[in-house]
Amino acid sequence: MNSSDSILYFPSIEIRDPNWLKASLLIWDKVYRIAPNDYTPRDDDNVKSAIDAGLVDSLELSKTELSEAYDMYNNFLEAQPFTPDGLDSYGSYDQLHKDKIDSRLYPILEKVATEVDGGFLKIPSELARGYMLFLANNAAKRRGINIATDNADAWVIASYFNEGGNFSEFVYGAEDPQNSMAYTNVGIKDLIPIDLASASISDIIKFSTKYKDEKDCFKSVTTEFLNELRGCAEKDHAIHIVEKYGQDLINAKKDFVKSSSFLNKSAIRSSLVVGVPVTFTVLSSLGDMLGTENNLHLSSSLLLGFVAAMAENKLSSNSNENSVGNYLVNMDKDLAKSRMQPNYSYLFDQFIND
């Protein structure tokens, strides 16, 4: 994944949760969203202030981008033996604006639409979700930025698309478990204040500039750490990676938390989660290391969740630095009550298996 200072928000146009926007701007310098030319988003005052400060912007997609997204989406669907449960509509419908649809796809979606109103098509959820996630991935890759969402279901489906559906029907690698790959979610624990309602958007804007060094350091160390894990196939080197980045990761997180502590005095913070394919060898090595006395400081900051076996090993299929990171910034209010993390592994496992 790349270390871009920007993210592309998906899957909707409007950023409905102001706390999510505030949390994301604590980490990234800019949030993009895909908005049609003739549509005026229904933004609240928080989003409008962030737009005025240059922290939120809209992407206008070219015909080439829409065409590429259509080809990718169409080819992907044709290659799948079945529709994953996460894309099945079960009778539900989503809205998709016509300006986000390639001209070749529009007539197809228009035929299955139950309603056309104000430029929006009301279509089965599996079509809207799949196309929009393909569109977001394609737009992000062309611009060298990552994608992020506040929707756990969309995050799970985007992970599936991001890896080209390269997931096995087996829980573990069938042929050579030691050299097989697993899709793992890595969470940076206790990072973002859960309740940012008391923090004004002006405070967030000031933070974005004042603590840019802390933000950049955290992003850089985290990205380098995850990219090296993604490209590693040897247990001994996995230990070296943890030793190399472990203390830097802890320090970067500590500085970040300290810099943002003035926004909310609450001790309860949520995790930043990203999906990363790693070998089973590395995954088991990390699991062993995080439980040892020498690495207790790291285990207090990292969450590891095994979610699915990869169908094929693709360590070098894409440049780690240029691949898209798929982040979940989920301001879960239930965390404040339960102190428990949402079970992202379960969500992903259910999606893949179904």
Side-chain angles (χ1 to χ4, degrees), residues 1-9 15 18-32 46-47 49-57 140 143-148 186-196 198-230 241-274 276 297-298 300-303 320-331:
M1 66 195 66
N2 60 62
S3 56
S4 171
D5 61 2
S6 303
I7 53 171
L8 174 59
Y9 174 71
I15 301 175
N19 284 348
W20 182 91
L21 175 62
K22 294 173 185 178
S24 297
L25 290 175
L26 293 181
I27 299 171
W28 291 281
D29 293 351
K30 194 161 188 172
V31 176
Y32 289 98
N46 292 283
V47 177
S49 294
I51 292 173
D52 292 341
L55 303 184
V56 172
D57 203 353
R143 290 163 176 79
I145 59 179
N146 295 308
I147 56 177
V186 178
I188 312 298
K189 294 166 59 177
D190 302 324
L191 185 71
I192 307 167
I194 289 177
D195 185 9
L196 287 170
S198 60
S200 68
I201 190 64
S202 61
D203 286 337
I204 301 297
I205 293 170
K206 292 175 183 177
F207 172 91
S208 184
T209 302
K210 183 176 181 179
Y211 294 102
K212 181 173 172 53
D213 289 345
E214 286 81 356
K215 291 169 56 177
D216 291 347
C217 179
F218 172 76
K219 289 199 299 285
S220 177
V221 172
T222 303
T223 301
E224 290 175 11
F225 172 65
L226 295 177
N227 276 339
E228 290 211 21
L229 285 183
R230 180 175 183 146
I241 293 172
V242 173
E243 292 174 343
K244 176 181 177 181
Y245 288 104
Q247 194 57 54
D248 287 344
L249 185 62
I250 300 303
N251 291 340
K253 176 194 167 185
K254 182 179 179 180
D255 290 342
F256 174 85
V257 170
K258 182 179 179 181
S259 68
S260 61
S261 61
F262 78 96
L263 296 169
N264 191 308
K265 301 301 182 183
S266 171
I268 302 176
R269 290 175 175 248
S270 66
S271 298
L272 175 68
V273 182
V274 60
V276 183
H297 62 302
L298 192 60
S300 66
S301 289
L302 284 181
L303 289 168
N320 291 335
E321 292 77 10
N322 294 327
S323 62
V324 172
N326 179 26
Y327 290 91
L328 178 64
V329 185
N330 193 339
M331 308 305 291

| message | Looking at K258 and D255, is any side-chain nitrogen of the basic one under 4.0 Å from a carboxylate oxygen of the acidic one? | response | no

| said: Do the side chains of D57 and K30 get close enough for a salt bridge, i.e. N-O under 4.0 angstrom? | reply: yes

| In a check of ring-ring contact (aromatic ring centres under 6.0 Å, His included) between Y9 and each of Y32, W20, Y327, which one passes? | W20

Considering the options [options], which one meets the side chain to side chain contact (heavy atoms under 4.5 Å, CB included) requirement together with [X]?
X: V31; options: L21, L8, L55; answer: L21
X: V274; options: N326, L226, T223, N146; answer: L226
X: F218; options: D213, L26, I188; answer: I188

Would you mind writing out the side-chain donor-acceptor pairs for residues 200-209 within the sub-3.5 Å range, not counting sequence neighbours?
residue	atom	partner	partner atom	Å
S200	OG	S202	OG	2.8
S200	OG	D203	N	3.2
S200	OG	D203	OD2	3.2
S208	OG	K215	NZ	3.2

| R269 and S260: side chain donor to acceptor below 3.5 Å | yes

| query | Sequence neighbours excluded, which residues qualify as salt bridge (Lys or Arg N to Asp or Glu O under 4.0 Å) partners of K244? | reply | E228

| said: Just verifying a value: how many Å separate I147 CD1 and S4 OG, rounded to the nearest 0.5 Å? | reply: 12.5 Å

| task | Report the distance from atom CG of L229 to atom OH of Y245, rounding to the nearest 0.5 Å. | result | 9.5 Å

| Taking C-beta and beyond as the side chain, do D5 and W28 meet within less than 4.5 Å on heavy atoms? | no

| request: Could you please spell out the steps behind the side chain to side chain contact (heavy atoms under 4.5 Å, CB included) verdict for L191 and F256? | output: CA-CA 8 Å; L191 185 71; F256 174 85; 3.5 Å; yes

| query | Closest approach of I192 and I27, non-hydrogen atoms and distance? | reply | CD1-CD1, 3.7 Å

